[in-house]
Amino acid sequence: MQESLLLIEDDLALAALTAEFLRAEGYQVTVAHRGEGVAALVRTLRPALIVLDVMLPGMDGYAVCRQIRAGYSGLILMLTALDESAEQLTGFAAGADDYVVKPVDPQVLLARLRAMLRRHPQAQAPRGLLRCGALAIDLATQRATLDGAPLPFSTAEFELLSIFVRHAGVPLGREVLLQNLRGLEYDGLNRSIDMRVSRLRKKMQALNCSVTIQTITAQGYLLAATDDADAV
């Protein structure tokens with residue numbers, strides 16, 4: 001299973017290049033460009049590691065770090081253009097685990113991320129089978145089963161389903177789904193995610209799957225076992 005990273009960087013071009021590089025190295029990367037809303041994103045995604053720029057518009061990186069650290073036990077790597085001890089100490093005091101000065105060579109950033117995850121294996125995303133009720137998905141083989149019987153999902157369907165199972169019981173908005181699938185920001189207009197969810201939902205219904213995708217008003221979509229879904 002790919003390790004999940006959250007990159008928070010307001011420089012759009014730099015964020016895109018960094019995310020592309022890390023994805024090519026096998027990581028699942030979600031990108032945010034502002035500090036506001038990051039705490040909710042962290043609760044939804046539960047990333048193994050957060051790469052957090054200090055100089056963000058609105059809420060700066062230090063404030064973001066302090067806000068999310070109370071409920072997040074994963075790793076936080078802070079990035080800044082300020083090569084000063086006082087700045088680094090402020091980052092550590094806010095709850096950061098490590099600190100890198102920009103500009104940083106992508107290979108150096110990759111080495112630092114790998115070292116942090118190696119030292120703290122408990123922060124890595126869970127591996128093996130993931131379950132929601134009678135539905136189980138094997139991330140290594142990309143196979144889904146229902147009560148042990150294989151389900152004929154395509155690669156694209158499995159990709160979307162795996163996101164839902166990984167966050168079963170948690171409403172996922174279009175922006176989260178789009179970032180996980182394509183690494184893109186949601187512009188408020190893109191409805192391709194709705195179409196993919198609709199197709200997956202119909203496929204699951206046709207297979208008499210005892211797990212359903214619910215639409216939660218003003219929040220997004222939620223995967224739940226039938227017994228749980230009836231209570232939503």
Side-chain angles (χ1 to χ4, degrees), residues 1-69 71-82 87-88 90-92 94-120 123-125 159 162-163 166-167 170 172-187 190 193:
M1 176 180 176
Q2 293 178 317
E3 288 160 357
S4 173
L5 307 181
L6 174 59
L7 171 63
I8 308 164
E9 167 63 68
D10 68 316
D11 185 321
L12 303 187
L14 178 59
L17 288 173
T18 303
E20 182 180 3
F21 172 76
L22 292 173
R23 290 188 187 109
E25 294 296 329
Y27 293 95
Q28 179 182 321
V29 184
T30 300
V31 180
H33 301 299
R34 298 183 63 88
E36 293 81 1
V38 166
L41 196 58
V42 170
R43 287 194 297 270
T44 298
L45 298 175
R46 292 171 288 180
L49 188 147
I50 298 171
V51 181
L52 174 61
D53 186 24
V54 169
M55 304 300 289
L56 296 172
M59 181 183 294
D60 67 26
Y62 299 129
V64 173
C65 191
R66 286 191 292 268
Q67 183 182 68
I68 64 178
R69 180 46 88 190
Y72 174 68
S73 59
L75 300 169
I76 300 176
L77 174 65
M78 298 197 77
L79 302 177
T80 184
L82 303 174
E87 298 294 332
Q88 297 183 30
T90 301
F92 288 126
D97 296 285
D98 207 345
Y99 207 99
V100 173
V101 177
K102 296 165 59 177
V104 58
D105 183 285
Q107 293 291 344
V108 173
L109 176 62
L110 176 64
R112 188 67 64 91
L113 296 179
R114 285 175 172 170
M116 292 176 69
L117 290 168
R118 188 168 56 248
R119 291 196 303 268
H120 302 276
Q124 297 182 29
E159 183 181 22
S162 67
I163 295 171
R166 190 178 294 118
H167 305 294
V170 178
L172 301 178
R174 294 185 183 94
E175 66 280 5
V176 174
L177 292 171
L178 190 61
Q179 285 178 346
N180 273 269
L181 289 170
R182 300 183 183 176
L184 300 175
E185 288 290 305
Y186 177 61
D187 60 7
N190 193 318
I193 292 299

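Fair warning: this is a prediction, and the values are worked out from it, not measured in the lab. Each residue takes its place number in the sequence, starting with 1. Values below: all heavy atoms of this structure, side chains included; hydrogens, waters and symmetry mates excluded.
Side chain of Arg69 to main chain of Tyr72: a donor-acceptor pair is present (N/O by atom type, distance under 3.5 Å, no hydrogens or angles). Side chain of Arg23 to backbone of Val29: a donor-acceptor contact under 3.5 angstrom is found. The backbone N or O of Ala15 sits nowhere less than 3.5 Å from a side-chain atom of Thr18 that would complete a donor-acceptor pair. With Asp60 contributing its side chain and Val54 its backbone, the two residues share no donor-acceptor pair below 3.5 Å. Within the 3.5 Å criterion, the main-chain N or O of Met59 finds a donor-acceptor partner in the side chain of Glu36.
Note that CG of Leu172 and CD1 of Ile193 are 10.5 Å apart. Values are rounded to the nearest 0.5 Å. Here the CG-CZ distance, from Leu56 to Arg34, works out to 8.5 Å after rounding to the nearest 0.5 Å. To the nearest 0.5 Å, atom CD of residue Gln28 and atom CG of residue Leu22 are 12.5 Å apart. The CG atom of Leu7 sits 8.5 Å away from atom NE2 of His33, with the distance rounded to the nearest 0.5 Å.
The shortest heavy-atom contact between Tyr62 and Ala94 is O-CB, 3.8 Å. Shortest non-hydrogen contact noted between Gly35 and Val64 is CA-CG2, 3.5 Å. Considering every non-hydrogen atom in both Val101 and Val104, the closest pair reads O-CB, 3.8 Å. Val31 and Ala19 get closest at one heavy-atom pair: CG2-CB, 3.7 Å. Here the closest non-hydrogen pair linking Val42 and Pro47 is O-CD, 3.8 Å. The heavy-atom pair separating Gly91 from Met78 by the smallest distance is CA-SD, 3.7 Å.
Looking at heavy atoms from C-beta onward, Phe21 lies in side-chain contact with Gln107 at the 4.5 angstrom threshold. Looking at Glu9 and Lys102, their side chains come closer than 4.5 Å, going by heavy atoms from C-beta outward. Contact annotation: the side chain of Cys65 approaches that of Leu52 to within less than 4.5 Å [non-hydrogen atoms, C-beta and beyond]. Counting only heavy atoms from C-beta outward, the side chains of Ile50 and Val38 never approach each other to under 4.5 Å. Ile8 has its side chain out of reach of Asp53: every pair of non-hydrogen atoms, C-beta onward, lies at least 4.5 Å apart. Side chains of Leu77 and Asp97 form no contact here, defined as non-hydrogen atoms less than 4.5 Å apart. Under the 4.5 Å side-chain criterion, counting only non-hydrogen atoms from C-beta, Leu117 is in contact with Tyr27. Ser4 is not listed as a side-chain neighbour of Arg46, based on a closest heavy-atom distance of 4.5 Å or more.
Glu25 meets the side chain to side chain donor-acceptor pair (under 3.5 Å) test with Arg114; sequence neighbours excluded. Considering only residues two or more places apart in sequence or on other chains, Arg66 meets the salt bridge (charged side-chain N to carboxylate O under 4.0 Å, His left out) condition with none of them.
No option in Leu49, Asp98, Val51 other than Leu49 meets the side-chain contact (heavy atoms from CB on, under 4.5 Å) test with Leu75.
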